[in-house]
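Take a look at the structure set out below.
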Amino acid sequence: GENVEQHPSTLSVQEGDSAVIKCTYSDSASNYFPWYKQELGKRPQLIIDIRSNVGEKKDQRIAVTLNKTAKHFSLHITETQPEDSAVYFCAASIHNTDKLIFGTGTRLQVFP
Amino acid sequence: EAGVAQSPRYKIIEKRQSVAFWCNPISGHATLYWYQQILGQGPKLLIQFQNNGVVDDSQLPKDRFSAERLKGVDSTLKIQPAKLEDSAVYLCASSNTVSGNTIYFGEGSWLTVV
């Protein structure tokens, strides 16, 4: 069945450094790839997304890249801040529907 | 704009008991989802509604889980009888085509089965 793998499971960086989280997906028909940030006890919140007709998207300190050929996409956070500490989930649409399959999450810790 | 509302936020029950969770989606959102998030894992889709019809319930354990969205707005997810492995956060989410099918989550209902 469809699968999304996410690495690393934990990531610790110093404040100001960059953080990169990578995901691979199995369904070549997936066309929508959102990233969610989830703070402890809170709802997952969409932070950025990309569709299959675009290779890269940037929003201030956050960027996402997509390689359709290799079926992987990555989240890049630059100039990390302590408030970036959270669990980040990638997701991919199942076929070209609005259903999502999620990765297993990456716990990012940013140390001051 | 009000977000997705869920209740109760927390519930502790004994195994074999029943529990029900309620969700009110963002106004105007035709699509409603229930996801199960086990601690340390990503959300897993249980069921998807489009208005008051079920689009996908292939991952719903139908021997113990049921869900309805009778009037196409609010939804209820029920578990009966509960098992220990049902301990999880149950996330309701909604979307519509105007939002580009972006899925918005509620705060979740935390269930502990003891």
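Residue numbers start from 1 in every chain, and the chains themselves are labelled A, B, ... in the order their sequence lines are given, proteins ahead of strands. What you see below is based on every heavy atom in this structure, not just the backbone, and it leaves out hydrogens, waters and symmetry mates.
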Heavy-atom pairs under 4.5 Å with chain B, option from A:Val87, A:Leu100, A:Ile101 with the top count: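 Most pairs with chain B among the choices: A:Leu100.
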
Partner chain B: residue of A:Gly41, A:Gly103, A:Pro34 with the largest heavy-atom pair count (under 4.5 Å):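 The candidate making the most pairs under 4.5 Å is A:Gly41.
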
Show me the donor-acceptor pairs, under 3.5 Å and distance only, between side chains in residues 7-23 of chain B and residues at least two apart or in other chains.
residue, atom, partner, partner atom, Å
B:Arg9, NE, B:Gly108, O, 3.0
B:Gln17, OE1, B:Glu14, N, 2.9
B:Trp22, NE1, B:Asp74, OD2, 3.1

Kindly list each side-chain donor-acceptor pair under 3.5 angstrom involving residues 104-111 of chain A, sequence neighbours excluded, with atom names and distances?
residue, atom, partner, partner atom, Å
A:Thr106, OG1, A:Gln6, NE2, 3.0
A:Thr106, OG1, A:Pro8, O, 2.5

Heavy-atom contacts under 4.5 Å, residues 32-60 of chain B to chain A: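 Hits under 4.5 Å: B:Tyr33, B:Tyr35, B:Gln37, B:Gly40, B:Gln41, B:Gly42, B:Pro43, B:Leu45, B:Gln48, B:Val55, B:Asp56.
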
Interface moiety of A:Pro44 toward chain B, non-hydrogen atoms closer than 4.5 Å: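 Contact with chain B: backbone and side chain both.
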
Salt-bridge contact A:Lys71-A:Asp27 (side-chain N to carboxylate O under 4.0 Å):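 Looking at A:Asp27 together with A:Lys71, the answer is no, because their closest N to O distance does not fall below 4.0 Å.
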
salt_bridge(A:Arg43, B:Glu107) N-O dist < 4.0 Å: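 Between B:Glu107 and A:Arg43 there is a salt bridge, with a charged N closer than 4.0 Å to a carboxylate O.
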
Partner set under ring pair (Phe, Tyr, Trp, His ring centres under 6.0 Å) for A:Trp35, not counting sequence neighbours: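 A:Trp35 satisfies ring pair (Phe, Tyr, Trp, His ring centres under 6.0 Å) with A:Phe73 only.
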
A:Ser93 side-chain N/O to A:Tyr32 backbone N/O, donor-acceptor pair under 3.5 Å: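 A pair under 3.5 Å: yes.
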
Backbone N/O of A:Asp49 and side chain of A:Lys57: donor-acceptor pair under 3.5 Å: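 Side chain of A:Lys57 to backbone of A:Asp49: a pair is present.
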
